[in-house]
Amino acid sequence: MVFKEYITVKDIFGPLMLIEGVEGVTYGELAEVRLSDGQVRRGRVLEIADSCVLVQVFEGTMGLGRDNVRVKFLGKGLEIGVSPDIIGRVFDGAGRTIDGGPNIIPEKRLNVNGSPINPCARDYPSEFIQTGISSIDGLNPLVRGQKLPIFSGSGLPHARLAAQIARQARVPGSPEGFAVVFAAMGVTFEEANYFISNFQATRAIERAVVFINLAEDPPIERLAVPRMALTVAEYLAYELDMHVLIILTDMINYCEALREVSAARKEVPGRRGYPGYLYTDLAAIYERAGRVKGRKGSITQIPILTMPEDDKTHPVPDLTGYITEGQIILSRDLHLQGIYPPIDILPSLSRLKDKGIGEGRTREDHADISNQLYASYARGKAARELAVILGEGALSPLDLAFVDFTEHCNNEFIKQGEEENRSISQTLDIGWWLLGLLPRKDLKRIRKEYSDKYYRKREE
């Protein structure tokens, strides 16, 4: 097919190029921008008005002029080639392999601009996903088909936590294969090298598909990365019948790129300069995860956000919380105490946890022990804050026992090694070991048959 070339560039501003007299072009269509010296840059149609087309140039418009470029539209959107061989490979933000291996020979090419799952076709999330991390598995379990973000802050070990989840996550007892799609957006070279070397050293790469977009790469490429990752996840889940966990880090970098593009288009800004369609854009990404009726595979999603100034009311975590089913929040105080992973269990929440735990999924006592650990930890923390004001002498012996419980919970339950992969049985057993610090009569959230079976008084 012969494509028409246009030399009718009217204006260039920022990464955008306005072209007049264009016919037969569709939204999202790819373009080639050819300079007079033969250099070729890539672009994508962002807006169409009558015969004028707005194109965003991936590599930027530095060095481009209205008189030295020719623009050709390719009649297709951004695509990625897929086949079973993509598992174990590393790609850049444009979908090109960067691991030194052979190029992928695709079975098909898929447009990355997929659609959210039709609500009528959704199946309810169920089945426990074991991450090997007690503070997630025990108190805020991840359920197959769920969207559970991690809210972090600058300097907190979210990258290490993301890599650990990618290495350890699995669906216990499931006959279907399990794969991880890992997409890093706007990361530094050191972070990218950490992820790749970590996956290769631990052989987690053998069941993973990794996308890496560096901070120096074009913003428009950053906008394409989560869509490429989700397209690959959909292929693995719905065509190869695999359970797929997709980890997106860092969504703040994605939203900053979205804000940069919006500013270049001179759109009216919304909260903190983000475009008014930020909620819609995030929902289009998050809602591509889930289970589909009649399909064996599923997509479970963990977006990771570094909240600016640890502010949960920032537009990105705020809107993410509306769309997703809970949140895991990292604590700076726990991090300063040397506790890894520094998961703050009180504000953290998994709204679907009751759908993935219990007899036949994890263990019959899981729900009770989760509720009791949470209640005891909250009481101990409240008592410790009271002691700061009034002194320990104002606390009853029972209050002091709950304060002691909270300290042990931080150091024995929440804290664990970066290479430590705990089974759900180990996690629940540690929970019972901690509850042995408290009088049995005060464990009011646990049924008698479970305390008869598992409770043992712990002597210090």
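We're numbering straight along the sequence, starting at 1.
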| request: Check whether NZ of the Lys or CZ of the Arg Arg222 lies under 6.0 Å from the centre of the six-membered ring of Tyr254 and within 45 degrees of that ring's axis. | output: no
| said: Main chain of Pro102, side chain of Arg89: is a donor-acceptor contact present, judged purely on distance under 3.5 Å? | reply: yes
| said: Any donor-acceptor pair under 3.5 Å linking the side-chain atoms of Tyr286 with those of Glu325? | reply: no
| message | I'd like to know if Glu234 pairs up with Arg288 as an ion pair, taking the criterion as any Lys NZ or Arg NE/NH1/NH2 lying under 4.0 Å from an Asp or Glu carboxylate oxygen. | response | yes
| query | Is a donor on one side and an acceptor on the other found under 3.5 Å between the side chain of Arg351 and the backbone of Thr324? | reply | yes
| Centres of the Tyr274 and His314 rings: under 6.0 Å? | yes
| query | Quick check: are there more than 12 heavy atoms from other residues, nucleotides or ligands sitting under 6.0 Å from CZ of Arg109? | reply | yes
| request: For the pair His335 (side chain) and Asp333 (backbone), establish whether a donor and an acceptor sit closer than 3.5 Å, ignoring hydrogens and angles. | output: no
| task | Keeping the roles fixed (side chain from His158, backbone from Thr306), state whether a donor-acceptor pair exists under 3.5 Å. | result | no
| query | Checking salt bridge (charged side-chain N to carboxylate O under 4.0 Å, His left out) against Asp318, which of Lys312, Arg271, Arg272 comes through? | reply | Arg271
| note | Residue set satisfying ring-ring contact (aromatic ring centres under 6.0 Å, His included) with Phe91, at least two apart, ordered chain then number -> Phe211
| Are Glu59 and Arg42 ion-paired here, with the side-chain N under 4.0 Å from a carboxylate O? | yes
| said: Quick check with a 6.0 Å cut-off and a 45 degree axis cone: is Lys266 positioned over the face of Phe13's six-membered ring? | reply: yes
| query | Asp50 side chain to Cys52 main-chain N or O, any donor-acceptor pair under 3.5 Å? | reply | no
| Does atom CG of Asp67 have more than 12 heavy-atom neighbours from other groups under 6.0 Å away? | no
| Note: Lys355-Glu127 ion pair, threshold 4.0 Å (strictly below) | no
| field | Asn193 side chain to Phe189 backbone, donor-acceptor under 3.5 Å | value | no
| task | Kindly check if the number of other-residue, nucleotide or ligand heavy atoms within 6.0 Å of CZ (Arg160) is above 12? | result | yes
| Among side-chain atoms of Glu47 and Tyr27, is any donor-acceptor pair under 3.5 angstrom? | no
| said: Could you measure the distance from the CD1 atom of Ile205 to the CD1 atom of Ile196? Nearest 0.5 Å is fine. | reply: 7.5 Å
| query | Salt bridge or not for Glu239 and Lys108, using N-O below 4.0 Å? | reply | yes
| said: Side chains of Asp137 and Thr427 only: does a donor on one sit below 3.5 Å from an acceptor on the other? | reply: no
| message | Can you confirm if the aromatic rings of Phe182 and Phe199 lie within a centre distance of less than 6.0 Å? | response | yes
| query | Ion pair present between Glu359 and Arg361, side-chain N to carboxylate O less than 4.0 angstrom? | reply | no
| field | No-hydrogen, no-angle side-chain donor-acceptor test under 3.5 Å, Arg96 and Asn103 | value | no
| Quick one: OG on Ser350 to CG on Leu148, what's the gap to the nearest 0.5 Å? | 5.0 Å
| task | Decide if atom CZ of Arg70 counts as having more than 12 heavy atoms of other residues, nucleotides or ligands within a radius under 6.0 Å. | result | no
